[in-house]
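Structure first, then comments.
For the single chain, residues carry numbers from 1 onward in sequence order.
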Amino acid sequence: MSGLTALKFIVSKRKQGNSPAHARRQKLISKLTEQIQMAKAIQSGSDYSPVKIRTLKDETTGEVRRVEVPKRIKPWWWQSESGKMCITVRYGARTMEVVEGKNAIEADNIAGVITTLEVIRTAVDAGELDTRIEAVSTLVKSGFEKDTEPAKRPKLKLPAKAD
């Protein structure tokens with residue numbers, strides 16, 4: 001028992017997991033971080049290509065390999081007709097309105113894009129956009145739900161074959 005006396009015993013309970021709001025927040029923060037890194041790479045003139053790991057199975061040998069594959073990401077900003085940079089914040093496949101009724105943020109140049117994305121990331125981390133993230137998240141989820149009654153699609157009538 002002499003070895004156990006050197007240890008510090010406490011009463012503790014393990015936390016079960018993150019709340020759904022925290023998980024959504026972390027998802028958006030990781031996407032914002034990718035966009036910031038891509039904007040910094042464009043500003044410095046270098047190339048940014050994040051990678052993801054895919055598991056591939058060789059058909060002939062049956063060997064399973066893990067391979068790094070470049071991830072395809074699209075920038076959330078573009079140049080408007082006036083020469084300014086417009087930035088949208090996306091959650092899944094949807095554009096999130098950071099302010100009600102406004103879908104884009106204007107910046108002067110790529111440095112402004114980086115600063116804007118960092119400000120948004122800080123606001124998301126502080127939980128200021130939780131209601132907006134929740135609203136967009138429900139829209140994204142609704143796209144995955146199956147209809148209880150399949151929609152009646154009109155049948156395509158093809159012309160009769162001429163023999």
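Connection of Val98 to Trp78 is not established within any shared hydrophobic cluster, with ILVMFWY side chains joined at heavy-atom distances below 4.5 Å, either directly or through further cluster members. Hydrophobic clustering (ILVMFWY, side-chain heavy atoms < 4.5 Å, transitive): Val140 and Ile133 are in one cluster. Note: the hydrophobic cluster containing Ile73 also contains Ile110 (ILVMFWY, side chain heavy atoms under 4.5 Å, direct or indirect links). By the rule that hydrophobic residues join a cluster once side-chain heavy atoms approach within less than 4.5 Å of another member, Tyr48 and Ile42 end up as members of one cluster.
If you take CH2 on Trp77 and SG on Cys86, they are separated by 13.0 Å, rounding to the nearest 0.5 Å. In this structure, CD1 on Ile120 lies 12.0 Å from CD1 on Ile29, to the nearest 0.5 angstrom. From Leu28, atom CG reaches atom OG of Ser137 across 11.0 Å, with rounding to the nearest 0.5 Å. Interatomic distance, CG of Leu117 versus CD1 of Ile105, reported as 7.5 Å (0.5 Å rounding). The line from CD1 of Ile114 to CD of Gln35 is 11.5 Å long, rounded to the nearest 0.5 Å.
Between the side chain of Thr115 and the backbone N or O of Ala111 there is at least one donor-acceptor pair closer than 3.5 Å.
Listed by first then second residue, pairs satisfying salt bridge (charged side-chain N to carboxylate O under 4.0 Å, His left out) with a partner in residues 27-36 read Glu34-Lys71, not counting sequence neighbours. Within the structure, salt bridge (charged side-chain N to carboxylate O under 4.0 Å, His left out) pairs that include any residue of residues 108-120 comprise Lys40-Glu118, Lys84-Asp108 (at least two apart or interchain). For residues 43-57, no pair satisfies salt bridge (charged side-chain N to carboxylate O under 4.0 Å, His left out), with sequence neighbours left out. Counting only residues at least two apart or on different chains, the salt bridge (charged side-chain N to carboxylate O under 4.0 Å, His left out) pairs with a member in residues 131-140 are Arg24-Glu134, Glu100-Arg132.
Looking at residues two or more places apart in sequence or on another chain, you find no side chain to side chain donor-acceptor pair (under 3.5 Å) involving Arg94. Not counting sequence neighbours, Glu97 has no partner by the salt bridge (charged side-chain N to carboxylate O under 4.0 Å, His left out) test. Not a single side chain to side chain donor-acceptor pair (under 3.5 Å) links Ser12 to another residue, sequence neighbours left out. With sequence neighbours left out, Ala23 forms a side-chain contact (heavy atoms from CB on, under 4.5 Å) with no residue at all. Not counting sequence neighbours, the partners of Thr33 by the side chain to side chain donor-acceptor pair (under 3.5 Å) test are Arg121. With sequence neighbours left out, the side chain to side chain donor-acceptor pair (under 3.5 Å) criterion links Ser80 to Ser82. Annotation: salt bridge (charged side-chain N to carboxylate O under 4.0 Å, His left out) contacts of Glu81 (sequence neighbours excluded): none.
Side-chain contact between Tyr91 and Val89: absent, with no pair of heavy atoms (C-beta onward) separated by less than 4.5 Å. With contacts defined as side-chain heavy-atom distances shorter than 4.5 Å, the pair Thr116/Met85 does not qualify.
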For this session: Show the numbers, then the answer: is there a side-chain contact (heavy atoms from CB on, under 4.5 Å) between Thr95 and Trp76?
Result: CA-CA 10 Å; Thr95 301; Trp76 289 354; over 6 Å; no
For this session: Could you go through the side-chain contact (heavy atoms from CB on, under 4.5 Å) check for Val51 and Val69 one step at a time?
Result: CA-CA 5 Å; Val51 293; Val69 181; over 6 Å; no
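Salt-bridge formation is not detected for the pair Arg25/Asp125: no Lys NZ or Arg NE/NH1/NH2 atom is positioned less than 4.0 Å from an Asp or Glu carboxylate oxygen.
Side-chain heavy-atom separations under 4.5 angstrom define the hydrophobic clusters, and the remaining members of the one that includes Val67 are Leu56.
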